[in-house]
Protein chains: 2
Amino acid sequence: MKRGWLDIQAEALRRIQSREWPPGGLIPNEAELARELGCARATVNRALRALAEDGWLERRRRAGTRVALSPQRRAQMSVPVLRQEVEGMGKVYSHRIISRRIEADLLHLEGLHFADKAPFAAEQRQVNLSEVPQIADVDLDRISANEWLVQNAPFDRGTLEYAAEPASAFDVKHLKCPRGAPLMVLRRETFSETAMVTAVRMAYAPGHAVRLVI
Amino acid sequence: MKRGWLDIQAEALRRIQSREWPPGGLIPNEAELARELGCARATVNRALRALAEDGWLERRRRAGTRVALSPQRRAQMSVPVLRQEVEGMGKVYSHRIISRRIEADLLHLEGLHFADKAPFAAEQRQVNLSEVPQIADVDLDRISANEWLVQNAPFDRGTLEYAAEPASAFDVKHLKCPRGAPLMVLRRETFSETAMVTAVRMAYAPGHAVRLVI
DNA sequence: GAGTGGTCTAGACCACTAC
DNA sequence: TAGTGGTCTAGACCACTCA
């Protein structure tokens, strides 16, 4: 008899991968599994819920639990905080504001991020001052807009997107790379319940890679 | 009085974001919160565990629960299965093997993936035949190596990495893009307990973006 | 050793939804 | 409307780790 929910999870995963529970098939309900495996239903629930979160199972009330047709592993990354990215490489992080202007309730910022004094990423950002008016008074030379916002502007939803783009004039100037060089570019927008909070384009210096954990 | 664990979670998040529980600070233990909020300790546990998984809290036995110094939102993506990426865009997926050779227990594959008959991604892959010998007999024109492996080669660990690279000769030839064009390139390796199972380089056609869910 | 989170249990009720 | 997963409860024991 299995004991912990991790054991139950491992046993269920074994049955999925061995096709004992075939893709698309309905598996026994929680009460039945609990009886079979000699544990409480809550324990089975914990195990199956975790497998569903990992994409192995699809669960619906009344309809039961099915093995996912194409098991989707999920990859995770933490939303990048540049300081930590840089310090994680064992380098010294610093940053500098290039420009700052306010226009119709929108704060426009341009900034540069450094790793050991080498340009690491060039940032262009808009911040909605109706949503986070306090940022107008923050000394952004001391704390980067990114860090301040992460800590002070809780958001509900957001988009995050990476693309490969040729270096723009702005990128060339600040990252000191050849015009048209392939750069990894991050675009991110975050929203509160009611409005856009901030939108940012971050161009990384050549050679930057985005790593995800599976 | 709050009722569900989602309410408890929301209340805890409010206290974090309002600095009522300051960054780095110790928060009350589970039993105390359960008393204060009028629910069972298990309910508090569920809420705080979820917040810890999202990076808002750091929990350690005996040491208690602290507010994370820099709240890390996590972004997720499903490990790309090209068919679903393409079909999710409302296009027809197809693929074609370009080359296939076996060398010292390593299956070398080159392939192309299409969206509505336009090249979508070009793949170069090695598969370790000691780990998944069955793949030697699979008709990879019918099911792509990617799909077959996802379903048949459960793996333990893996790396997943995106970079912006200039189009190589291989990319230029098959994606029909200009030499040196900035391409999004995915590199992925997966391992079983004991050995590498497969390694792949996937170059996406120009304009491809990687979207993550926050 | 003692305090904290981690988990299990048995039972209960609820929410959703296929039938 | 009945069956399924989702959740809550109260209590208990365990595992880890700080002092």
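Each chain gets a letter, A, B and so on, in the order the sequences are listed, and its residues count up from 1. Computed from a predicted structure; not experimentally measured.
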*C/dG6 base to B/Arg41 side chain: any donor-acceptor pair below 3.5 Å?*
yes
Please tabulate, one pair per line, each protein N/O and nucleotide N/O from nucleotides 2-4 of chain C that are separated by under 3.5 Å, including the distance.
unit_1 : atom_1 : unit_2  : atom_2 : d
C/dA2  : N3     : B/Arg62 : NH1    : 3.4
C/dG3  : O4'    : B/Arg62 : NH1    : 2.9
C/dT4  : OP2    : B/Asn29 : ND2    : 3.3
C/dT4  : O2     : B/Arg62 : N      : 3.1

Without decimals, in angstroms, what is the distance between [X] [atom1] and [N] [atom2]?
X       : N     : atom1 : atom2 : answer
B/Ile8  : D/dT9 : CD1   : C1'   : 13 Å
A/Leu26 : D/dG3 : CG    : P     : 15 Å
A/Arg59 : D/dG6 : CZ    : C1'   : 9 Å
B/Arg46 : C/dT7 : CZ    : P     : 12 Å

_Show the nearest heavy-atom pair for residues A/Leu186 and A/Tyr162, with the distance to one decimal._
CB-CE2, 3.8 Å
*Nearest-neighbour nucleotide for the A/Asn45 side chain, C/dT7, D/dG5, D/dT9 considered*: D/dG5
_Side chain A/Asn128, main chain A/Ser130, donor-acceptor under 3.5 Å_ = yes
_B/Tyr204: side-chain hydrogen bond (donor to acceptor under 3.5 Å, both in side chains) partners, not counting sequence neighbours_ = B/Glu85
*If you find the nucleotide of DNA chain C closest to B/Ala42 and the one closest to B/Pro28, which residue's nucleotide is nearer the 5' end?*
B/Pro28
*Taking only the side-chain nitrogens and oxygens of A/Thr43, find out if one of them lies under 4.0 Å from OP1 or OP2 of C/dT7.*
no
_Inter-residue atom distance B/Leu183.CG - B/Met202.CE, 0.5 Å rounding_ = 13.0 Å
